[in-house]
Amino acid sequence: MDGTLVDTEPLWWETTEAVARSLEHTLTEADVPAVVGRSVADTAEHLHRVAGGRERAPAIGRRLLDGFHERVALGPRVMPGALELLDALAAAGIPLGLVSASPRSVVDLVLAGLGPHRFAVTVADGETPRTKPHPDPYLAAAKALGVEPHSCVAVEDSPAGLASAEAAGCRVLAVPSTVPIDAVDGRTVVARLTEVDPALLHAVLARRAVGGRVVREP
């Protein structure tokens with residue numbers, strides 16, 4: 001969701017940056033793995049550590065969630081190509097699951113703009129034993145859809161999300177947002193969501209990929 005369908009990753013970074021400053025810590029590239037694509041709890045634990053424990057992680061988490069909620073409530077920008085892809089998948093009869101590391105309150109805010117009817121299943125942080133980068137949320141979504149994970153294509157923008165989907169056994173298509181993602185064996189990378197359509201996802205599922213790019217059949 002965040003960074004793939006809606007442009008909320010900058011909002012999450014801004015929120016984390018503000019909370020970090022209040023803890024006398026300046027975010028740098030070194031903080032990216034603990035912030036981008038991670039849950040509120042993960043980022044709160046990270047800030048607790050790097051700030052020398054000056055505030056407890058649960059309190060940091062509440063401030064992160066409140067700040068992020070305020071920013072998302074203003075209405076995040078839908079990523080170019082997102083609604084077109086969702087419409088094309090619906091027209092093709094392909095069921096969709098939304099798997100997010102954001103809490104339910106944020107997911108529901110975004111769904112109000114995207115249209116909750118577009119998704120057969122939604123999984124938010126706190127609804128599985130572990131969240132991204134662990135496989136639990138993707139395993140839960142596949143089970144709720146009544147399919148095996150290897151029959152699913154996960155479209156992700158962050159390393160944490162990709163790690164989650166790959167660990168669950170899903171095929172993966174990466175559309176990087178704020179963090180570069182390498183094209184490795186079994187992973188397809190495209191520059192933007194406007195390049196994605198049902199035919200490409202079918203090709204990813206069939207693993208017709210060479211050097212991180214999918215070969216489209218004539």
Side-chain angles (χ1 to χ4, degrees), residues 1-9 11 37 72-125 127-128 131-132 135-158 160-162 164-166 168-177 181 186-209 213-218:
M1 184 184 79
D2 299 298
T4 304
L5 295 177
V6 289
D7 194 21
T8 48
E9 285 292 6
L11 304 182
V72 174
L74 297 176
R77 180 178 69 99
V78 177
M79 299 297 278
L83 295 181
E84 292 81 357
L85 176 59
L86 295 177
D87 288 341
L89 292 170
I94 299 173
L96 302 178
L98 182 69
V99 179
S100 179
S102 284
R104 173 55 61 181
S105 60
V106 173
V107 170
D108 286 345
L109 268 179
V110 173
L111 283 174
L114 289 177
H117 63 282
R118 296 178 182 275
F119 303 93
V121 172
T122 62
V123 178
D125 178 36
E127 297 175 352
T128 54
T131 189
K132 302 175 184 181
D136 305 39
Y138 273 106
L139 292 174
K143 183 178 181 180
L145 286 169
V147 297
E148 294 296 327
H150 62 75
S151 298
C152 303
V153 179
V155 182
E156 276 282 359
D157 75 296
S158 71
L162 286 168
S164 175
E166 290 172 339
C170 301
R171 306 292 191 262
V172 294
L173 174 66
V175 188
S177 57
I181 294 172
R187 177 191 297 169
T188 303
V189 181
V190 298
R192 57 192 64 84
L193 203 61
T194 52
E195 298 178 40
V196 184
D197 58 20
L200 176 61
L201 296 179
H202 278 298
V204 170
L205 191 61
R207 288 192 180 276
R208 294 193 294 272
R213 301 290 298 185
V214 162
V215 178
R216 292 178 184 258
E217 296 184 348

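Just the heavy atoms: all of them, side chains too, but no hydrogens, waters or symmetry mates, feed the values below.
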Hey, what do you get for [atom1] ([X]) to [atom2] ([Y]), rounding to the nearest 0.5 Å?
| X | Y | atom1 | atom2 | result |
| --- | --- | --- | --- | --- |
| Leu205 | Ile94 | CG | CD1 | 9.5 Å |
| Leu114 | Leu109 | CG | CG | 11.5 Å |
| Glu195 | Leu200 | CD | CG | 8.5 Å |
| Phe119 | Leu86 | CZ | CG | 5.0 Å |

Check: [X]/[Y] side-chain N/O donor and acceptor closer than 3.5 Å:
| X | Y | value |
| --- | --- | --- |
| Ser151 | Arg171 | no |
| Asp125 | Ser102 | no |
| Thr128 | Asp136 | no |

### Task
Identify the residue among Val190, Leu162, Thr4, Val189 that makes a side-chain contact (heavy atoms from CB on, under 4.5 Å) with Pro176.
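Going through the options one by one, the only one that passes is Val189.
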### Message
Taking Arg118 first and then Asp87, would you say they form a salt bridge - that is, a charged N and a carboxylate O separated by under 4.0 Å?
### Response
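Result for this pair is yes, salt bridge flagged.
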With the side chain counted from C-beta on, respond yes when [X] and [Y] share a heavy-atom pair under 4.5 Å apart, and no when they do not.
| X | Y | result |
| --- | --- | --- |
| Lys132 | Tyr138 | yes |
| Val175 | Glu156 | no |
| Val78 | Leu83 | yes |
| Val107 | Met1 | yes |
| Leu201 | Asp197 | no |
| Leu98 | Leu5 | yes |
| Val204 | Arg187 | no |
| Cys152 | Val147 | yes |

Which heavy-atom pair separates [X] from [Y] by the least distance, and what is that distance?
| X | Y | value |
| --- | --- | --- |
| Ala168 | Pro135 | N-CB, 3.6 Å |
| Ala101 | Gly37 | CB-O, 3.8 Å |
| Gly3 | Ser177 | O-CB, 3.5 Å |
| Ile181 | Ser158 | CD1-N, 4.0 Å |
| Ala141 | Val121 | CA-CG1, 4.1 Å |
| Leu193 | Ala82 | CD2-CA, 3.5 Å |

### Message
Under the criterion side chain to side chain contact (heavy atoms under 4.5 Å, CB included), I'd like the reasoning laid out for Ser100 against Asp2: C-alpha separation, chi angles, the key distance, then a yes or no.
### Response
CA-CA 7 Å; Ser100 179; Asp2 299 298; 3.7 Å; yes
### Donor-acceptor pair, side chain of Thr8 and main chain of Leu11, under 3.5 angstrom
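No; zero donor-acceptor contacts below 3.5 Å.
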### Task
Return each pair, listed once, that meets salt bridge (Lys or Arg N to Asp or Glu O under 4.0 Å) where at least one residue sits in residues 140-151; pairs must be two or more places apart or across chains.
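Checked against salt bridge (Lys or Arg N to Asp or Glu O under 4.0 Å) - neighbours excluded - no pair reaches residues 140-151.
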#### Entry: Residues Thr188, Val172; criterion side chain to side chain contact (heavy atoms under 4.5 Å, CB included); working and verdict
CA-CA 7 Å; Thr188 303; Val172 294; over 6 Å; no
### Residues Thr122, Glu127; criterion side chain to side chain contact (heavy atoms under 4.5 Å, CB included); working and verdict
CA-CA 10 Å; Thr122 62; Glu127 297 175 352; 5.6 Å; no
### Query
Does the pair Val196 and Glu84 meet the rule for a side chain to side chain contact (heavy atoms under 4.5 Å, CB included), with working shown?
CA-CA 10 Å; Val196 184; Glu84 292 81 357; over 6 Å; no
